[in-house]
Amino acid sequence: MVTAVNDYDVRIAKVEGQYVWHVHDHTDEFFLVLEGELTIALREAGGERNVVLPKGSVFTVPRGTEHKPIAPAGASILMFEPTGTLTVGDCHDEVPDHVDATTGHALG
């Protein structure tokens, strides 16, 4: 966690590979790509789709939408989430060892 703004954490993460399918039932999830490229796979009523986010792009995953971030070549991202939000959401696939399931780590 970089800082808090009101009841939200500002988080920076370096990601590589595939995350897990997960959903945040009670909050949207905001992404800003700082470096690299991030793909967010979405499962929606009409089926699955991918949103490709190059450096500088932003995207908000609506609450209740199952999603999976993917960064084959790695990416640095900034996220805004309510304090205490678990990175793997409220419902998720089995969490592999390479995935950090946390509510955030202090920067520094």
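All values below were derived from every heavy atom in this structure, side-chain atoms included, with hydrogens, water molecules and symmetry-related copies excluded. Counting from 1, the numbers follow the sequence of the chain as shown.
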Going from [atom1] on [X] to [atom2] on [Y], what distance comes out if it is rounded to the nearest 0.5 angstrom?
X: I12; Y: L34; atom1: CD1; atom2: CG; answer: 6.0 Å
X: L53; Y: T39; atom1: CG; atom2: OG1; answer: 7.0 Å
X: E29; Y: R11; atom1: CD; atom2: CZ; answer: 8.5 Å
X: K68; Y: R43; atom1: NZ; atom2: CZ; answer: 7.0 Å

Suppose we screen for side chain to side chain contact (heavy atoms under 4.5 Å, CB included). Which residues come up paired with [X], at least two apart in sequence or across chains?
X: V15; result: A13, L38, A71, A75, I77
X: P82; result: Y8, T27, T85
X: T65; result: L42, E44, V61, P62

Problem - Common cluster, V2/V58, ILVMFWY with side-chain heavy-atom separation under 4.5 Å - result: yes

Handout entry: Verify same cluster id: V52, F31 (apolar side-chain graph, 4.5 Å)
Key = no

Handout entry: Non-hydrogen atoms of I70 and Q18 that approach each other most closely
Key = CG2-CG, 3.9 Å

Practice task
Measure centre to centre between the rings of H24 and H26, then say whether the value is under 6.0 Å.
Solution key: no

Fill in the blank from the handout: For K14, the side-chain hydrogen bond (donor to acceptor under 3.5 Å, both in side chains) test, sequence neighbours excluded, returns none

Fill in the blank from the handout: The side-chain hydrogen bond (donor to acceptor under 3.5 Å, both in side chains) partners of E35 (sequence neighbours excluded) come to K55

Handout entry: Non-neighbouring partners of F80 that pass ring pair (Phe, Tyr, Trp, His ring centres under 6.0 Å), sequence neighbours left out
Key = F30

Handout entry: Test item: side-chain donor near acceptor, D9 and T83, under 3.5 Å
Key = yes

